[in-house]
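Worksheet for the structure shown next.
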Amino acid sequence: MPLGDGTRAVHAGLPAPVPGRPFLPGPVPAAPYHLDPVAGPQPGVDGYGRTDNSTYRALETAIGQLEGGECVVFASGMAAVTAVLLTTLRSGDTVVLPSDGYYLTRVFAAEHLPERGVTVLTAPTSGPYPAFDDVRLLLLETPSNPGLDVCDLAGLAAAVHARGGLVAVDNTTPTPLGQRPLDHGADVSVASGTKALTGHSDLLLGYVCTRDPQLAATIRTWRARTGAVPGPFEAWLAHRSLGTLDLRLSRQSANASAVSDVLAGHPAVRSVRWPGRPEDPAYGLARRQMRRVPGVVTFTLADKAAVDRFLDASELVFAATSFGGLHTSADRRAQWGDNAPEGLVRFSCGIEDTADLVADLRRALDAARA
Ligand SMILES: *Cc1c(COP(=O)(O)O)cnc(C)c1O
């Protein structure tokens with residue numbers, strides 16, 4: 001019988017038990033390691049920290065098990081996303097990015113890809129998509145951030161593969177317990193581990209997963225050349241945090257369900273998106289494709305002033321960007337230059353008690369309306 005998510009998360013990447021050793025060995029901070037003074041560098045023996053580190057390897061084993069592919073960890077989500085773009089795209093290629101996805105991916109592409117001869121197209125997550133004839137790479141983000149639209153991974157992957165292109169999926173918002181893009185035909189799952197994957201709002205991390213050994217090797221070499229490695233302590237902390245991933249996601253998702261119901265019934269709220277609501281346009285697709293729905297809910301209040309009143313009145317919701325952490329937080333996306341309506345809030349449910357969160361939310365929404 002396949003193991004459940006909680007079991008897989010707790011055991012992911014742990015070494016075999018050795019009496020007297022910890023369950024998860026501590027971080028190995030090393031720039032150089034001892035070399036054999038006579039034989040010099042040897043295959044399989046760690047030599048230098050930018051390429052070799054047992055703490056990264058353990059974390060890569062863990063994430064690779066959850067995603068179902070080979071994993072390469074990076075210093076941040078952006079280090080991972082840019083590694084995918086810059087290793088797969090050549091002059092003359094075309095890339096399609098989500099027009100409604102994580103905005104810095106688009107910003108990076110606009111700043112750096114055209115001058116390298118790459119044509120950058122965008123498409124909304126829910127479509128329509130351009131013809132894939134000349135597309136080298138389709139990058140998808142589902143659910144998209146912050147709009148929470150969902151796209152059909154298997155269908156799009158088949159269409160792109162038929163024309164010889166690659167498909168990468170930004171899996172940050174769902175995490176590998178919420179969605180396994182490689183199982184749906186994607187060539188690459190790329191993500192920020194800064195968000196729900198590690199969930200404690202105390203580190204930056206990124207990763208790339210793939211089942212293509214050639215691509216994994218290319219990405220690993222890219223990381224070694226650019227030096228975009230995480231710190232060993234961050235990598236260890238991330239691995240330690242993975243053990244509670246299933247528990248955290250379960251509570252976040254339960255909170256999001258309750259929160260989206262309150263939002264949908266409140267007169268201060270103009271619109272709500274959460275793919276776990278049967279009324280949501282993405283519900284059917286999310287049910288087929290996702291293993292669980294994340295704790296992020298996006299809603300719109302009248303304007304900036306209404307969001308200000310909402311945040312001021314709330315006692316439990318932290319004003320903060322990022323999402324997926326233990327603490328419920330809200331981010332008015334327009335303040336980041338993310339092309340969003342002034343009153344749009346990305347609301348990230350933490351793991352507080354649902355009743356407390358709902359009571360606080362009601363109070364804050366009433367104040368937003370006043
Ligand atoms: C945050 C985020 C990133 C970038 O990750 P960092 O760890 O902040 O570099 C990429 N994609 C999505 C969907 C994100 O939410």
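Fair warning: this is a prediction, and the values are worked out from it, not measured in the lab. All ligand and atom numbering here is 1-based and tracks the order in the structure.
Counting only heavy atoms of the protein, atom 4 (C) of ligand 1 lies nearest to Tyr102 CE2, 3.5 Å. Among protein heavy atoms, the minimum distance from atom 2 (C) of ligand 1 is reached at Lys195 NZ, 2.5 Å.
In summary, the atoms of ligand 1 found under 4.0 Å from a heavy atom of Thr172, numbered by their order in the structure, are 11 (N), 12 (C), 13 (C), 14 (C), 15 (O). Contact atoms of ligand 1 toward Glu141: 13 (C) (distance under 4.0 Å to a heavy atom of the residue). Heavy-atom proximity to Asn145, at under 4.0 Å, picks out these atoms of ligand 1: 13 (C), 14 (C), 15 (O). Every atom of ligand 1 is numbered from 1 in the order shown, and the set under 4.0 Å from a heavy atom of Phe323 is 15 (O).
When atom types are taken as modelled, the side chain of Asn171 and the backbone of Ser189 share no donor-acceptor pair closer than 3.5 angstrom. Side chain of Asp280 to main chain of Arg277: no donor-acceptor pair is present (N/O by atom type, distance under 3.5 Å, no hydrogens or angles).
Among Asp170, Leu204, Thr198, the residue whose heavy atom lies closest to atom 12 (C) of ligand 1 is Asp170.
In Leu205, the part holding a heavy atom less than 4.0 Å from any atom of ligand 1 is the backbone.
For Thr173, no nitrogen or oxygen atom sits less than 3.5 Å from a nitrogen or oxygen atom of ligand 1, counting backbone and side chain alike. Polar contact with ligand 1: present for Thr194 (N/O pair, distance under 3.5 Å). In terms of polar-atom proximity, defined here as any N/O pair under 3.5 Å, Gly77 does make such a contact with ligand 1. Checked by distance only, ligand 1 and Ser192 come closer than 3.5 Å through their nitrogen or oxygen atoms. The shortest N/O to N/O separation between Met78 and ligand 1 falls below 3.5 Å.
Heavy atoms of other residues, nucleotides or ligands lying less than 6.0 angstrom from CZ of Arg50 number more than 12.
The shortest distance between side-chain heavy atoms of Arg333 and Thr298 does not fall below 4.5 Å. Looking at heavy atoms from C-beta onward, Leu361 lies out of side-chain contact with His266 at the 4.5 angstrom threshold. Inter-residue side-chain proximity for Val81 and Phe108 is flagged as unmet; no heavy-atom pair is nearer than 4.5 Å. By the 4.5 Å heavy-atom criterion applied to side chains, His184 and Arg288 are not counted as neighbours. Using a 4.5 Å heavy-atom cutoff, the side chains of Arg223 and Thr51 are not in contact.
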Kindly indicate, with the supporting measurements, whether the criterion side chain to side chain donor-acceptor pair (under 3.5 Å) is fulfilled by Thr94 and Asp134. CA-CA 6 Å; Thr94 297; Asp134 297 318; over 6 Å; no
